[in-house]
Amino acid sequence: MNATDQTSTKVKKESKNKIRVDFERTSLLKRLRIKYLSVFFFQKVIWVLFRLVLLVGVSYVVLLPFFAKITGSVMSPEDFIDNTVKMVPRAPTLGTYTAIIVENDYYKALTSTAILSLLCAVSQMFICTLVGYGFSKFKFKFNSLIFGLVIFTLIVPHQTLQFSMFMKFRYFDFLKIYEIIRKFMGVTVAKDLKINLINSYWPLALLSVTGLAFKNGLYILVMRQFFKGFPDEMEEAAYVDGAGVFKTYFTIILPNAIPMMVTIFLFAFTWQWTDEFYVNLFTTDTGPYLLPRIVKIPRTLVQSTAAIQASTIYQSAIRNTCGLMIIAPLLVVYLIGQNFLIQGIERTGVTG
Amino acid sequence: MQNTEVEVNKPEINAPKKKKRASSLDRIKARSGWFFIAPFVIGFIVIYLPIVFESIHFSFTEVKVLTGGGFNAEWVGFKNYQEALFDNPNFVMTLTLGIRQLIFDIPAIVIFALFMAILLNQKMTGRAVFRAIFFIPVILATGIIDRIDQGNEMLSYLSDTSRSIATGTSDNAATTDTSVTSIVSVFDFEWLFMSMKGVSIDLVIYIVNAVNNIYNIINRSGVQMLIFLGGLQSISPTIYESAFMEGASAWETFWKITFPMISPMIFVNAIYTVIDSFTAKSNTVMRLIEFTYDEPGGQVLSSAMAWMYFIIVILMIAVVGLIVSSFVFYQRREN
């Protein structure tokens with residue numbers, strides 16, 4: 001833009017490090033006009049506005065249900081009868097929250113789910129790291145075939161297997177040991193020697209330890225991609241210095257994989273936290289009191305809404321409040337760990 | 001493997017020993033590789049494989065739980081499959097509808113994810129905030145929340161501002177739709193495209209469905225968006241620079257550079273979308289299968305349905321893979 005100015009430049013002062021050049025400055029008005037009254041600037045402004053509108057619009061669509069749930073959770077039954085009340089409650093109340101906390105035993109469910117999720121997430125994190133490392137850096141027979149089996153476990157939906165999975169853990173028989181004992185000892189050993197693992201944490205713990213739980217195939221895939229990008233030279237240096245394979249793994253590999261492991265931990269933790277499929281499959285009403293069990297209408301609120309015409313909407317609002325309370329701790333986890341979650345996926349680029 | 005060479009270089013006195021030692025190190029490494037994947041292999045053989053086989057087996061049987069503990073499975077052949085295909089009134093219809101929905105959703109999700117990734121890849125303020133917002137559904141709208149959102153009367157009631165006060169609560173029952181009420185109608189779009197020749201009505205209906213389904217599409221494209229973002233960031237900026245120097249327009253740059261470079265990601269995302277959407281809870285077929293499971297004696301029937309659905313989806317993955325891989329461009333192959 002200042003091409004015309006260059007003809008009139010002249011050196012004013014020259015030192016060792018700096019050259020000061022004297023030139024006739026274009027007037028401010030002219031410079032502003034060139035900068036802001038061009039077609040390019042206009043195009044850029046339009047594009048920025050368009051982009052902003054689009055991004056804000058999509059964010060609105062994503063966030064609207066959450067806002068609606070939050071306002072719905074503080075609305076009283078009267079607000080649902082009144083048709084003029086939509087997003088802003090007229091008679092806000094915290095009664096729904098207290099009823100859920102007191103009558104649905106929120107804190108009890110919270111602690112038991114926290115224990116279960118931590119248990120599963122920690123074991124899944126370590127196991128998937130181990131298995132992913134094994135797949136990425138060692139050349140053994142059937143490596144790619146077994147990795148194909150990992151993908152197979154990822155593709156088969158667990159709903160397909162739910163009945164046999166239930167049966168497996170209802171009549172759990174490790175390596176058919178009881179079957180063998182029964183054959184050799186005769187009929188004296190009863191059938192119910194098979195262990196009933198339903199209503200305990202064992203089914204999920206066993207699935208986590210063997211890398212078969214929800215989306216574990218994905219974690220193994222991600223870890224494998226991560227270690228493939230990890231330089232071989234580091235391990236070679238360790239081998240030359242006399243470290244064994246396992247010492248190398250624990251002292252060199254694990255410390256370097258921590259960000260990726262945190263990513264996997266967060267995914268495993270949040271998905272286990274909101275999971276209801278396994279909770280419904282492996283526990284019954286008499287079992288451990290986990291978070292999905294709190295999604296029900298507290299008794300006091302049922303009585304107060306029995307006569308109301310809009311009670312279905314109110315009950316739906318209560319269920320939504322339960323959902324909000326379930327994900328409230330996760331929101332904190334997400335705010336702290338979102339960088340790990342997002343960059344973890346971005347960094348590996350799950351390219352198979 | 002380069003580390004074997006390092007070991008080999010040390011003893012150069014006698015040649016035959018060299019080879020033996022290298023191969024044994026390889027063997028040790030292979031053995032420890034087995035140790036690393038041992039948890040998965042043991043779990044797969046001891047737990048997963050029996051479960052899969054039993055599930056297939058159960059789908060051919062009728063199961064009765066005995067009172068003294070244990071259960072009895074009676075072989076009935078293809079009875080469950082016949083029942084699912086011919087006697088169950090909902091299965092075939094739900095299956096065809098579900099697969100049609102899947103075929104509609106894959107391009108919509110992939111294109112939307114790519115579009116948003118390109119937007120987010122540009123330099124601007126608040127990029128991280130938008131990225132975090134778009135990722136929220138992946139983390140928070142799963143499992144139990146997904147279940148609650150099915151037939152969520154409160155959401156449709158609160159977000160529907162168009163309903164007049166006069167009609168009152170009478171039409172609440174009609175709005176069982178899970179998402180926000182429809183944003184545009186086919187007529188709006190027809191009116192918009194009327195002057196344009198060559199836009200078929202099918203495309204218009206597709207776009208209208210996609211726009212009205214936008215909540216669903218946004219919710220399900222979080223991971224895909226990030227995979228695309230990762231891919232976009234790995235494209236070297238010098239390619240864009242040289243294209244810009246040659247005078248390529250943004251449109252040309254997209255089709256000649258971005259699209260080929262990102263095409264492996266399109267492949268991955270198409271496959272991921274298929275897997276993700278047919279294992280999702282919001283999937284109608286999956287819901288029917290779960291519903292059947294809860295019915296008395298419906299467990300084996302649901303296994304039969306699920307296996308049929310699984311086979312169809314595997315075929316679909318193969319078809320999608322073939323279609324997408326026909327235009328995938330791998331940079332590595334060139335050099």
Side-chain angles (χ1 to χ4, degrees), chain A residues 51 55 58-59 61-62 64-65 68 72 83-84 86-87 127 130-131 133-135 138 140 149 153 155 157 159-165 168 191-192 210-212 236 239-240 245 270-271 274-276 292 309-310 312-313 316-317 319-320 323 326-327 330 334 338 342 345-346 349-352, chain B residues 3 6 29-30 32-34 36-37 39-40 43-44 46-48 51 54-55 58 69-70 119 130-133 135-137 139-140 142-145 147-148 152-155 157-159 161 165 168-169 214-215 218 226-227 229-231 264 268 275 279 286 289-290 293 299 303 306-307 310:
Chain A
R51 195 174 62 190
L55 289 176
V58 173
S59 308
V61 174
V62 170
L64 175 70
N83 235 312
T84 55
K86 284 291 181 192
M87 285 300 269
I127 294 297
L130 195 74
V131 175
Y133 182 66
F135 277 121
F138 296 97
F140 46 85
L149 295 181
T153 63
I155 293 176
Q159 283 91 336
T160 312
L161 307 172
Q162 60 180 346
F163 181 54
S164 48
M165 209 179 256
K168 181 88 188 163
K191 267 181 193 166
D192 50 359
T210 52
L212 294 169
E236 275 158 30
Y239 291 144
V240 168
V245 176
T270 52
W271 277 339
T274 56
D275 166 71
E276 50 113 35
Q309 202 185 11
T312 49
I313 298 172
S316 163
R319 270 197 298 279
N320 277 305
I326 290 174
I327 58 170
L330 283 188
Y334 181 65
Q338 56 101 356
I342 290 169
I345 292 188
E346 261 186 33
V350 197
T351 34
Chain B
N3 55 313
V6 175
K29 273 207 81 177
S32 36
W34 278 104
F36 277 106
I37 62 163
F40 175 77
F44 192 85
V46 174
I47 297 177
Y48 199 78
I51 286 177
E54 263 168 41
S55 174
F58 279 143
L119 275 192
F130 284 122
R131 215 176 45 173
I133 288 173
F135 201 61
I136 283 179
I139 292 301
L140 296 183
T142 52
I144 185 75
I145 307 301
R147 168 58 52 92
I148 291 171
N152 201 333
E153 285 113 348
M154 188 205 73
L155 274 192
Y157 172 76
L158 283 185
S159 50
T161 47
I165 302 162
T169 51
I214 193 80
Y215 174 70
I218 292 172
L226 288 184
I227 293 176
L229 256 179
V268 172
I275 295 174
T279 55
M286 273 301 153
I289 289 170
E290 281 199 24
Y293 180 84
Q299 289 99 333
S303 308
W307 278 110
F310 177 67

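Remember, predicted model here, so these are calculated numbers, not experimental data. Chain letters run A, B, ... following the sequence lines, proteins first and then strands; every chain starts at 1.
- A heavy-atom distance below 4.5 Å is found between the side chains of Leu161(A) and Trp307(B).
- A heavy-atom distance below 4.5 Å is not found between the side chains of Thr210(A) and Tyr48(B).
- Contact detail for Leu212(A) and Gly43(B): the closest heavy-atom pair is CD1-O, 3.5 Å.
- Nearest heavy atoms, Phe138(A) versus Gly33(B): CG-CA, 3.5 Å.
- Using a 4.5 Å heavy-atom threshold, the side chains of Phe140(A) and Ile37(B) count as touching.
- Of all the heavy atoms in Ile133(B) and Val62(A), the pair that sits closest is O-CG1, 3.6 Å.
- Most heavy-atom pairs under 4.5 Å with chain B, from the set Thr270(A), Leu149(A), Ile326(A): that is Leu149(A).
- Contact between Val46(B) and Lys168(A) at its shortest, heavy atoms only, is O-NZ, 3.6 Å.
- Top candidate by heavy-atom pairs under 4.5 Å with chain B, chosen from Ile327(A), Ile127(A), Leu55(A), Ile155(A), is Leu55(A).
- Evaluated for a side-chain contact (heavy atoms from CB on, under 4.5 Å) with Val58(A), the options Ile218(B), Leu119(B), Ile214(B) yield exactly one hit, Ile218(B).
- At a 4.5 Å heavy-atom cutoff, the contact between Ile51(B) and chain A is made by backbone and side-chain atoms alike.
- Gly211(A) approaches Phe40(B) most closely through the heavy-atom pair O-CD1, 3.9 Å.
- The distance from the CD atom of Gln162(A) to the OG atom of Ser303(B) is 7.5 Å, given to the nearest 0.5 Å.
- Residues Phe36(B) and Val245(A) have side chains in contact (heavy-atom distance under 4.5 Å, counting atoms from C-beta outward).
- When all heavy atoms are compared, the tightest approach of Ala132(B) to Tyr334(A) is O-OH, 2.5 Å.
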